[in-house]
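One structure below.
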Amino acid sequence: MTDAPLILWFRRDLRLADHPMLTAALATGRPLIPVFLLDPETEAIGAAAKWRLGLSVADFAARLEGMGSRLILRRGAAPESLARLIAETGAAGVMWSRAYDPASIARDTAVKAMLKTAGQVAESHPGFLLAEPWQVETGQGGPYRVYTPFWKALRQRDIAPLLPAPKQLPLPESWPVSDRLEDWQMGAAMRRGAAVCLPHQAVGEAAALTRLDAFLDQRLARYAEARDFPATPATSRLSENLTYGEIAPARIWHAAMHRQDAGDSGAGKFLSELGWRDFAWHLIYHFPALATENWREDWDGFPWRGDSADAERWRRGLTGEPFVDAAMREMYVTGTMHNRARMIAASYLTKHLMTDWRVGLAWFADCLTDWDPASNAMGWQWVAGSGPDAAPYFRIFNPATQAEKFDPNAVYRRRFIAELSRTPPAEALSYFDAVPRAWAILPDAAYPKPLIALDKGRQRALDAYAARKA
DNA sequence: TGCGCGTTTGG
DNA sequence: CAAACGCGC
């Protein structure tokens, strides 16, 4: 008689290498049943992220099948789905990699309690972050609220070593039935043409590792000076792969460290940007309200505007402010947005249009294929001025000045705004294929007039802050 | 990762 | 006297 199998519950860890849970599972010697659940918590993510997750699940399933294993798909709440799988397979229990957002923590806590009550294996493992959020502490023993000291503490830690990808997994005597991924319709909520977005995705572990190597070889040396120019391919684009766990941050860490030791000048800056991702998760783990409430209470009295016709123009990339519109259209066409452009687009919405940062956050959640709830909550509150370690209220980006500085030849603006060129590039034209029909946006329409003069919008936001109710 | 103002600097 | 620098909101 063979050992009872283990269920490997994959979530945001869709890779084989550098995978602590998988390594621990293999060490048990038990047969392994890889599972992916489409549970309500996963169903709740934004349209683009859900579509992109479907691509990742398909890639990972094919990878497992190539090894002679499988990825079993089930839909429904996690506790019930896992209990049913255990009953069907006689499994000894479940292992998974930790998640750190409030909804996942609540779900996983309930699953762990259920399994332990039943005397089952219930093991959670690290791997999504460089350090567990509770492992990085200030001298006084609490969580960090400011990045620089957090970073100093993080970089002194030993980051988890690399782990080999298994060549094969021990197979169960029989497989439980699986849903078909196509039946899940993971792209159903995409209101735009996924076909436009697809060529801009690099899906799966192999693509992620290729992307990392290409970045280190071709871009790292110039990263520090080139990363702020959105027309330049200077960034790693690995946020997309990190979101789904197609690559471990520890692998990126060690690879960049190796380059730093070899004297590569951009490595330090890049490592620090990777550190920001951990910091965001550190913050949201210790302060879950960061995703929904103003971190700094002095912003509670600010007369934020809710959703509006102006906000809708912002979403559509029709504000008449070219840097902002290019940014919003880039997100529509590619599923991502350059970091500099995110700051400009977010600043314009929250300051010049005085719109509540949660309105912008919700749209990014729906449109980004690299959607990360922690980085976005931190980033939006930073721009709005309401966040930890935030920009002071008077630091309001001027999109025209920023464009002169970071897009001096208008290459980025022209790349995504067809109205600005006689012969627009393909990306600019594909925006019109990407947007919903209902928007009725045509390439031959005139480029819109600005929603508000930049100096006027800036002054309005400053006055509103000064006059806010205490 | 602002902006406007006054001061300093270097030709 | 233009451009760089420093300061406070």
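Values below: all heavy atoms of this structure, side chains included; hydrogens, waters and symmetry mates excluded. Proteins come first, then strands; the chains are lettered A, B, ... in the order of their sequence lines, and each starts at number 1.
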Taking atom types as modelled, is there a side-chain donor on A:T336 or A:R342 under 3.5 Å from an acceptor on the other?
yes
Whole-Å distance separating the CE atom of A:M343 from the C1' atom of B:dT1:
5 Å
Could you tell me the separation between the NZ atom of A:K456 and the P atom of B:dC3, rounded to a whole number of Å?
18 Å
Interatomic distance, A:R395 CZ vs C:dG8 P [rounded to whole Å]:
15 Å
Closest to the A:F394 side chain: B:dT1, B:dC3, B:dG2?
B:dG2
For B:dG2, does OP1 or OP2 lie under 4.0 Å from any side-chain N or O of A:R458?
no
Would you mind reading off the distance between A:Y393 atom OH and B:dT1 atom P, rounded to a whole angstrom?
21 Å
Expressed as a whole number of angstroms, how long is the span from A:R468:CZ to C:dC9:P?
15 Å
Exceeds 12 heavy-atom contacts within 6.0 angstrom, atom CZ of A:R222:
no
Check whether NZ of the Lys or CZ of the Arg A:R251 lies under 6.0 Å from the centre of the six-membered ring of A:W253 and within 45 degrees of that ring's axis.
no
Round to a whole Å and report the spacing from CG of A:D455 to P of B:dC3.
11 Å
For A:E427, is there an ion pair with A:R329 - N to carboxylate O distance below 4.0 angstrom?
no
CG of A:L462 versus P of B:dG4: gap in Å, rounded?
10 Å
Figure out the CD/P separation between A:E404 and B:dC3, and round it to whole Å.
11 Å
Identify which nucleotide among B:dT1, B:dG2, C:dC9 has an atom closest to any side-chain atom of A:W382, counting heavy atoms from C-beta outward.
B:dT1
